[in-house]
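None of these values were measured; they are calculated from a predicted model. Order of the sequence lines fixes the chain letters, A, B, ..., with proteins taken first and strands second; residue numbering starts at 1 for each chain.
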Amino acid sequence: MNSKLKTKIGSLQLNNPLLTASGTYGNGKEFSSFLDLHSWGGLVTKGLTLDSRTGNSGIRIVETPAGILNSIGLQNPGIEYFLREEIPFLEKLEIPVIANIAGRRIRDYEELARRLDPVPAVSALEVNVSCPNVREGGLAFGTNPALIYEITSRLRVITDKPLIIKLTPNVTDVGAIALQAEKAGADAVSLINTLLGMEIDIEQKKPLLGNVVGGLSGPAVRPVALRMIYQVYRQISIPIIGMGGITRGEDAVAFILAGARAVALGTVNFVNPRAPLEIREYILKYMERHNFSSLNSMVGLAHQEREA
Amino acid sequence: MNSKLKTKIGSLQLNNPLLTASGTYGNGKEFSSFLDLHSWGGLVTKGLTLDSRTGNSGIRIVETPAGILNSIGLQNPGIEYFLREEIPFLEKLEIPVIANIAGRRIRDYEELARRLDPVPAVSALEVNVSCPNVREGGLAFGTNPALIYEITSRLRVITDKPLIIKLTPNVTDVGAIALQAEKAGADAVSLINTLLGMEIDIEQKKPLLGNVVGGLSGPAVRPVALRMIYQVYRQISIPIIGMGGITRGEDAVAFILAGARAVALGTVNFVNPRAPLEIREYILKYMERHNFSSLNSMVGLAHQEREA
Amino acid sequence: MLQENAIIEINRQVAPGIYYLRLESPGIFSRSHPGQFIHINLGTTYDPLLRRPMSIFNAEEDRISVLYQVVGRGTEILSRFNPGASLDIIGPLGRGFEIKEKSRHFLLGGGIGSAPLVYLAHQLHRENRKAIFFLGMRTEEFLFLKEFLPSDLEFYFSQENSPAGHPRLITDLLAPHLESPEKTALYCCGPEGMYRQIGRLCGGKNHFSIQVSIDRRMGCGVGTCLGCAVKVKNPPREEPEIVRACVEGPVFPWGEVFANEL
Amino acid sequence: MLQENAIIEINRQVAPGIYYLRLESPGIFSRSHPGQFIHINLGTTYDPLLRRPMSIFNAEEDRISVLYQVVGRGTEILSRFNPGASLDIIGPLGRGFEIKEKSRHFLLGGGIGSAPLVYLAHQLHRENRKAIFFLGMRTEEFLFLKEFLPSDLEFYFSQENSPAGHPRLITDLLAPHLESPEKTALYCCGPEGMYRQIGRLCGGKNHFSIQVSIDRRMGCGVGTCLGCAVKVKNPPREEPEIVRACVEGPVFPWGEVFANEL
Ligand SMILES: Cc1cc2nc3c(=O)[nH]c(=O)nc-3n(C[C@H](O)[C@H](O)[C@H](O)COP(=O)(O)OP(=O)(O)OC[C@H]3O[C@@H](n4cnc5c(N)ncnc54)[C@H](O)[C@@H]3O)c2cc1C
Ligand SMILES: Cc1cc2nc3c(=O)[nH]c(=O)nc-3n(C[C@H](O)[C@H](O)[C@H](O)COP(=O)(O)OP(=O)(O)OC[C@H]3O[C@@H](n4cnc5c(N)ncnc54)[C@H](O)[C@@H]3O)c2cc1C
Ligand SMILES: Cc1cc2nc3c(=O)[nH]c(=O)nc-3n(C[C@H](O)[C@H](O)[C@H](O)COP(=O)(O)O)c2cc1C
Ligand SMILES: Cc1cc2nc3c(=O)[nH]c(=O)nc-3n(C[C@H](O)[C@H](O)[C@H](O)COP(=O)(O)O)c2cc1C
Ligand code: FES
Ligand code: FES
């Protein structure tokens, strides 16, 4: 562990800027045979809903050029089960655990926050207002600045834990939405969730995914993610957790220079479970090469140079 | 030539559904040593503005995972030069030529339409309201449904030539925008233009492209393009020209099944100049295999099967 | 479950479009069981992006092998790796076949699906259990498999293109062996249609225990993406439960997956 | 300009990280001139997506060759192609060097940039013109180039790591040859910094004609994407004009690109 890599998301202290991206890492257990989970800066849980959900039927994952489309549909065993069965494992971890929550109505989110607020093993909440795979809602929140304000401020009253709003990229003006989250008291925003996409089975002449549309992630989306982070950084002053297609150390550095104070790794875990170790190493070497003594001093530098 | 492939965009008759994507094929001349330009269904010109433009400085093209980012900045010699120097070549072609126009203000578009309306070599106008690489505007039109209505209806008065509105994917609800184009009298919409993205030069610590952001195209964006076409098809009844990452026959078929009456090829031309020949061949074989006697009967079939 | 850089010893075409790949992979070798699979990284390109799951075809002396059919770009890339190169693989993954305490063991493979059954056949052979291998094919493209099996194994095959009167489907082979009331374990690997046919033939009978290996598109292969969902019956619950082919499977008791369909 | 499936005859490392690739490509061979380039398709993957531009290193008897340095993923992939395989290439592209009617011809190459000058050297040799080759390098990594040049060609080299007193920069080599008032054509290929230095040395002098090859990231390579913009002076117009490195270049008169910077 190297203290140069420390970073902060609101009051949340991270030993390094690498987080797991929600929904791609289970709750960590599965990967513990590949690496020490404490190599991560923090662990973001898979998306939690109040009740258990069986997810979408039919094909749920398909490979696309340099990316994947998924339509898992928020399969998860529900908050009850999570608190009972998964917290015991998570509370033994010595890194922060961030619970990712999703719902259909604002009061689902409120209830989830109420249940998680008293749990010591949960260090922060990430609010998924942007899952494209649930037909009933989710996406609607994420695309509407007023609703983002509403949901953030309602959750703000319920919990003092750091509140991270996870934004969808499927909007005209992600900055405007981030701004509402900030105004309503969010401690950070994370972006991007997946881009809405689809694939067609031309032999069957119908959508390939059971849920018709799915979320695009992986290297293919990286330029879009980077642009949004760069853009949002100019509009808000709370921290940004950047993600979307990061697979190499170079990518993580680019996201940080664009303005991310932490970065999350998603799809890459499916290909290279050792990615966080390699990326952490790369960032350290990069910082040495460029004489950075703290991660903080790197954040957003791609803007400064431009103004110079 | 095979009459099974004929298709129509408004009153525009195409021998086959393959168009060049604006800005990726010059005005055709450069590619004429690789294939007979008449293999195309039609030729869409590079983006034209009133005055000549030198485009953006610095790096203009960079490769990204399964895609490219470009920030050409609408470099073109202006309408005057186009009419004088390029029309003579284009008017010799026996396939329809569609002029792609762009401007900063609505009256730029109006003036362009006025100048092109009387030109017999120009069979239709494609209105680029979505170029991400011009800072002064363009994108603003494309993201605002009311402005789309405005610009379409103003151009509708000026010309009877088929009017195609080219939509940007960088919006929350592309369907709503397409609907305004239809209401205002457009004959077709084409989508998608490029996704806004960026890349950072981590050694220099600054954006890699001279213009900071650029437009993402190529296979990486295909799932997003396909989703938007599928979505817009359910909302409008005028024809859709589909594009975004098409490189193989399978892709073109998928776009047609999703609802595109014609498809445009862009980035693939840089890699495989013979792509239109291969794709045309594939579509014919596919139609034979699935007993389609006309292209028209394929359009949008991915929806029908779903409802069944 | 571990990540290993396995050295390629052999990567050879053994029949048209079918390759035999043998890897030096002591870690995975020592942990593997028949029916489990490995997840293969195809290289540094982002296209294709994901690893490819392949059943373990056999495991001997620090080596594991895979039998694969070139069906797309990933397998095509795999076929071009040369001996001496190293492959980044993860394994062994999933839950393999459970060898039941039955007096007979029937291995039923459909085409390339037969791959994991070869490993199982050797395991049964090592344990001196009575086994019969049934192979279903379209033409004769998988006959070479016999060479990879224990030499004294009872072996039958069917071909869809056979002349009338000859076995065309794997169930044609199986039927004559079902008269006996002997307790029998069936291990099946092939297309789901084959599992349905086998089920119709013997799904209801108590002295048969049937396991099937379920094929799903995989993302992670280790249980986190939830891309490989399989609906299973899970009494006493009424509702089917969603489990992961890559962790709870790929091998399932036939009844958990297909019983509702009988 | 045509697309050809060229058979690879040789693809061999000739110095650390530097490869010599020879292709059977009769169509491109018969149309090519020194300074032009080809655009190479690296295969069927979408990542990397674009072709890679490479100068023609030499052209003889229906063959063209390329000298390339492995600097990234594309060139790494190229280095793994085996003889006998075919490469989809487009060429010859761009405007090459114009051989001037001068009494002396100086070829100035910086590192890998020297590649197209080898072809030019052979052409000048065939035309019996007086030529000198100046090679600038960091260490001695490009010395092998001499073997590819006409054997009787006058040849000098500089090394940035030379001990004091020895030539370190290509301009150190060039300076002694500039006293003579002989009309001289300079053909330069290397980094832009080198062109500036050469320009400072002899840009203002009338009896020198200087051509430089400009390196730009390329999309199409054939003139349609406008990705490879170069600003050139185009008197009598005041404003620089934007032209395409892939069509109007890559070779330009030095003055068109750098004169404003003197
Ligand atoms: C647990 C498991 C074990 C397997 N063991 C073997 C084995 O031992 N030998 C072997 O040859 N193959 C095996 N497979 C199948 C093998 O993984 C696929 O054939 C391979 O991933 C295809 O890769 P590709 O890039 O060549 O094809 P792609 O280009 O990815 O696909 C080719 C075609 O196959 C379809 N496809 C891709 N993956 C799957 C899938 N998982 N299920 C159904 N259709 C799919 C695609 O839609 C496409 O139509 C196994 C699969 C699983 C899940
Ligand atoms: C007309 C022309 C002729 C050329 N001739 C030769 C030749 O004869 N031999 C040779 O070895 N190389 C030549 N090059 C350069 C060669 O095309 C690049 O080195 C190659 O494309 C790099 O591909 P890559 O995938 O290995 O590297 P990448 O992974 O794409 O890039 C590696 C590094 O190089 C940078 N880069 C990529 N392309 C360029 C570029 N065109 N200009 C500047 N920086 C770039 C990238 O940003 C990155 O930092 C030529 C280039 C041009 C435009
Ligand atoms: C299989 C899968 C499941 C996901 N599930 C969730 C989820 O439950 N909640 C959430 O907020 N994001 C979810 N995401 C989005 C990721 O957390 C991340 O935002 C996105 O994948 C972009 O990052 P990447 O390109 O590194 O994967 C999921 C992504 C994938 C691929
Ligand atoms: C280099 C380049 C230049 C482009 N110029 C224009 C343009 O002038 N006008 C326009 O409407 N679209 C322009 N586009 C967008 C394409 O026409 C097309 O919409 C987009 O590239 C998606 O298709 P593709 O993935 O097949 O390239 C340009 C795209 C590229 C790559
Ligand atoms: S493949 Fe990811 S959970 Fe099974
Ligand atoms: S590389 Fe496309 S115009 Fe030069």
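A perpendicular orientation is assigned to the rings of W40(B) and Y25(B), their planes being inclined by more than 60° (bins at 30° and 60°). Ring geometry for F31(B) versus F34(B): interplanar angle of 30 to 60°, hence tilted.
At a 4.5 Å heavy-atom cutoff, the contact between T24(B) and chain D is made by backbone atoms alone. For a residue to count as touching a neighbouring chain, one of its non-hydrogen atoms must lie under 4.5 Å from one of that chain's; by this rule I90(D) touches chain B with the side chain only. For L2(D), the part lying under 4.5 angstrom from a heavy atom of chain B is the backbone only. R244(D) touches chain B through its side chain: at least one heavy atom from C-beta onward sits under 4.5 Å away, while N, CA, C and O do not. Contact annotation for T267(B): only side-chain heavy atoms (C-beta onward) come within less than 4.5 Å of a heavy atom of chain D.
A salt bridge links R52(D) with E63(B): the closest approach of a Lys/Arg side-chain nitrogen to an acidic carboxylate oxygen falls below 4.0 angstrom.
Interface summary for chain B: among H39(D), M218(D), R51(D), the most heavy-atom pairs under 4.5 angstrom belong to R51(D). Your options are G26(B), P273(B), P219(B), P65(B), and the one with the most heavy-atom pairs under 4.5 Å with chain D is P219(B).
With contacts defined as side-chain heavy-atom distances shorter than 4.5 Å, the pair F142(D)/S114(D) does not qualify. E86(B) is listed as a side-chain neighbour of K46(B), based on a closest heavy-atom distance under 4.5 Å.
Among all heavy-atom pairs drawn from G47(B) and S22(B), the shortest one is N-OG, 3.4 Å.
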